[in-house]
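Only one structure is covered here, and it is reproduced in the block below.
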Amino acid sequence: MTSVCEYRAGLEGVPVTQSSISFVDGQKGILEYRGIPIEELAAKSTFLESTYLLIWGKLPNRQELEEFKRDIQNHRRIKYRIRDMMKCFPESGHPMDALQASAAALGLFYSRRDLDNPVYIRDAVVRLVAKIPTMVAAFQLMRKGNDPVQPRDDLDYSANFLYMLNEREPDPLAARVFDVSLNLHAEHTINASTFSAMVTASTLTDPYAIIASAVGTLGGPLHGGANEEVIDMLEQIGSVENVRPYLEDRLERKAKIMGFGHRVYKVKDPRATILQNLAEQLFEKFGRDKYYDIAIEMERAVEEKLSHKGIYPNVDFYSGLVYRKLGIPTDLFTPVFAIARVAGWLAHWKEQIEQNRIFRPTQIYTGEHQVTYIPIEERE
Ligand code: ACO
């Protein structure tokens, strides 16, 4: 047994698995899914094609892709009992909490567990990839007091989600941009939510519990929740002139600038570059967002002040501007992130159970020993 003496806060730089799913070079700004550069996938692949690639380790041939798409299409609906359960959620609750509860509830309806059976794995993948978007859109409509919209079989994955959310068929550019955005967010090595999924998976529990656990982890403001906070920040700044005073004030108070910095990337996140380009395509067709000018000025100012620390825009910096233009409300940004990341979580689930050993790290105890128990009447 190896003895690990050095404690690394946040497990920084500590390998926790061997994986062939994705690769990041944070110095060079490289991200690859199964060896294929993200730029190439963003230009040529769809989200479902990349999902297949991530989970099964190879690009699907035409027949495999058609079957996968058809199976996803056949499983988009959610049971009325799940809808009824979601109707009881408070409208004021955060959609990430609604998603976490609904994902966990799927385990009640599909309780069989047969982890050695590839058919079981495929069925669970299909069910989760298909139903998560429907649950996100359903909660959005139900919290406004409306009935959820049923999925439409003639629309592909991304167009159908935007249709269920906004109750109208999306423009083809909007649907394509959304699909690319899902593609970009599908996987990113061992981040907090993926690690959470892997730890849960290592107990050999069911995939619905695993996804619920990962959704809970993704929601935090230091992880997926940052995209919401970026929009709040841009709104708070309000004008290009206010960018620098805002930045100075935050830095003086040693507060973080949302949408900047990354544990791994020390250059601009390649996904931020692609998302910025997508935002520009949307602005060209549907009109410019004033917050984009503020964002550009913020990127410039942060680069001047913080590039020596390797602080550049991360994926969350431009994703919110894209989502806003697609008509997605701010508090749905992180659930939309989850729709994408479910692909990566499931890929890691499959990989984890194929080489499983339960996670059981150790600690460096800093407390006392042999402490005397004080009866309650003698305590201060
Ligand atoms: N704004 C200002 N300074 C920053 C920022 C930031 N966003 N991020 C890091 N720094 C500085 C820190 O103050 C620290 O400086 P110091 O060495 O002088 O004390 C140094 O850079 C290292 O920062 P850490 O917090 O130790 O870096 P860590 O790797 O632990 O954190 C994290 C990475 C959590 C992403 C951090 O950069 C952050 O909080 N960013 C803002 C939140 C955010 O955008 N999260 C989304 C990340 S992407 C994702 O999860 C999908």
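Atoms within each ligand, like the ligands themselves, are counted from 1 in listed order. Only this structure's heavy atoms are used, side chains among them; waters, hydrogens and symmetry mates stay out. The structure displayed is predicted, hence computed values, not measured ones.
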Report summary line: min-distance protein heavy atom vs atom 40 (N) of ligand 1 -> Phe260 O, 2.9 Å
Query raised in the report: Is there a nitrogen or oxygen of Leu306 sitting under 3.5 Å from a nitrogen or oxygen of ligand 1?
Result: no
Requested in this report: Return yes when atom CD of Glu377 has more than 12 non-hydrogen atoms of other residues, nucleotides or ligands closer than 6.0 Å, and no otherwise.
Outcome: yes
Query raised in the report: Can you find a protein heavy atom closer to atom 22 (C) of ligand 1 than 4.0 Å?
Result: no
**Report entry** Any N or O of Asn314 closer than 3.5 Å to N or O of ligand 1
**Finding:** yes
**Report entry** Test: Asp114 and Arg112 ion pair at under 4.0 Å
**Finding:** yes
Query raised in the report: Would you say the side chain of Ser181 lies within less than 4.5 Å of the side chain of Leu275, judging by non-hydrogen atoms?
Result: yes
Requested in this report: Tell me which part of Asn191 gets within contact of ligand 1: side chain, backbone, both or neither, using heavy atoms under 4.0 Å.
Outcome: neither
Requested in this report: Determine the interplanar angle of the Tyr208 and Tyr110 rings, folded into 0 to 90°, and report it as parallel if under 30°, tilted if 30 to 60°, perpendicular if over 60°.
Outcome: tilted
Query raised in the report: With a 4.0 Å cut-off, strictly under, does atom 32 (C) of ligand 1 pick up any protein heavy atom?
Result: no
Query - Under-4.0 Å heavy-atom contact between protein and atom 50 (O) of ligand 1 - result: yes
Report summary line: Numbered in order shown, the ligand 1 atoms found under 4.0 Å of a heavy atom of Val315 are 51 (C)
Query raised in the report: Protein heavy-atom contact under 4.0 Å for atom 7 (N) of ligand 1?
Result: yes
Report task. Considering the heavy atoms of Asp316, write down every atom of ligand 1 situated less than 4.0 Å from one of them. Result -> 46 (C), 48 (S), 49 (C), 51 (C)
Query raised in the report: Going by the atom numbers of ligand 1, which of them fall below 4.0 Å from some non-hydrogen atom of Phe337?
Result: 51 (C)
Requested in this report: Examine the proximity of ligand 1 to Ile257 and report which part, side chain or backbone, both or neither, has a heavy atom under 4.0 Å away.
Outcome: both
Query raised in the report: Salt bridge or not for Glu39 and Arg271, using N-O below 4.0 Å?
Result: no
Query raised in the report: Can you find a side-chain donor-acceptor pair between Gln281 and Lys325 that sits under 3.5 Å?
Result: no
Query raised in the report: Would a 4.0 Å cut-off, counted as strictly less than, catch a protein heavy atom around atom 44 (O) of ligand 1?
Result: yes
Query - Donor-acceptor pair, side chain of His75 and main chain of Lys131, under 3.5 angstrom - result: no
**Report entry** Any side-chain heavy-atom pair of Tyr33 and Ser45 under 4.5 Å
**Finding:** no
Report task. Identify the protein heavy atom lying closest to atom 35 (C) of ligand 1, giving its residue, its atom name and the separation to 0.1 Å. Result -> Gly261 O, 3.7 Å
Query - Ala226-ligand 1 polar pair, N/O distance under 3.5 Å - result: no
Report task. Just need the protein heavy atom nearest to atom 25 (O) of ligand 1, so name the residue and atom and give the distance. Result -> Lys256 NZ, 2.7 Å
Query raised in the report: Does the protein put a heavy atom less than 4.0 Å from atom 18 (O) of ligand 1?
Result: yes
Query raised in the report: Out of Lys305, Met258, Lys309, Arg341, who gets a non-hydrogen atom closest to atom 15 (O) of ligand 1?
Result: Lys309
Requested in this report: Look at atom NZ of Lys28 and say whether more than 12 heavy atoms of other residues, nucleotides or ligands are closer to it than 6.0 Å.
Outcome: no
Query raised in the report: Quick one: do Glu304 and Arg244 make a salt bridge, cutoff under 4.0 Å?
Result: yes
Query raised in the report: With a cut-off of 4.0 Å, which atoms of ligand 1 are near a heavy atom of Gly259?
Result: 43 (C), 44 (O)
Requested in this report: Enumerate the atoms of ligand 1 whose separation from the nearest heavy atom of Arg263 is less than 4.0 angstrom.
Outcome: 28 (P), 29 (O), 30 (O), 33 (C)
Requested in this report: Could you tell me which atoms of ligand 1, counted from 1 in the order shown, lie closer than 4.0 angstrom to a heavy atom of Leu222?
Outcome: 39 (O), 45 (N), 46 (C), 47 (C), 50 (O)
Report task. Ignoring hydrogens and angles, state whether a donor on the side chain of Glu280 or Tyr292 is under 3.5 Å from an acceptor on the partner side chain. Result -> yes
Query - Met198/Ser202 under side chain to side chain contact (heavy atoms under 4.5 Å, CB included): CA gap, chis, key distance, verdict - result: CA-CA 6 Å; Met198 286 163 57; Ser202 81; over 6 Å; no
Report task. Please report which non-hydrogen protein atom sits nearest to atom 9 (C) of ligand 1, along with the residue it belongs to and the distance in Å to one decimal place. Result -> Ile311 CD1, 3.3 Å
Query raised in the report: Considering only heavy atoms, does His223 approach ligand 1 within less than 4.0 Å through its side chain, its backbone, both, or neither?
Result: both
Query - Per-residue contact class, Val302 against ligand 1 - non-hydrogen pairs under 4.0 Å - result: neither
Query raised in the report: Looking at ligand 1, does any of its N/O atoms fall within less than 3.5 Å of an N/O of Lys266?
Result: no
Requested in this report: May I ask you to decide if the ring planes of Tyr265 and His188 are parallel, tilted or perpendicular, using 30° and 60° as cut-offs?
Outcome: tilted
Report task. Check the angle between the aromatic planes of Phe68 and Tyr52 and answer parallel, tilted or perpendicular using the 30° and 60° thresholds. Result -> perpendicular
Query raised in the report: Angle class for the Phe317/Phe260 ring planes (parallel below 30°, perpendicular above 60°, tilted otherwise)?
Result: tilted
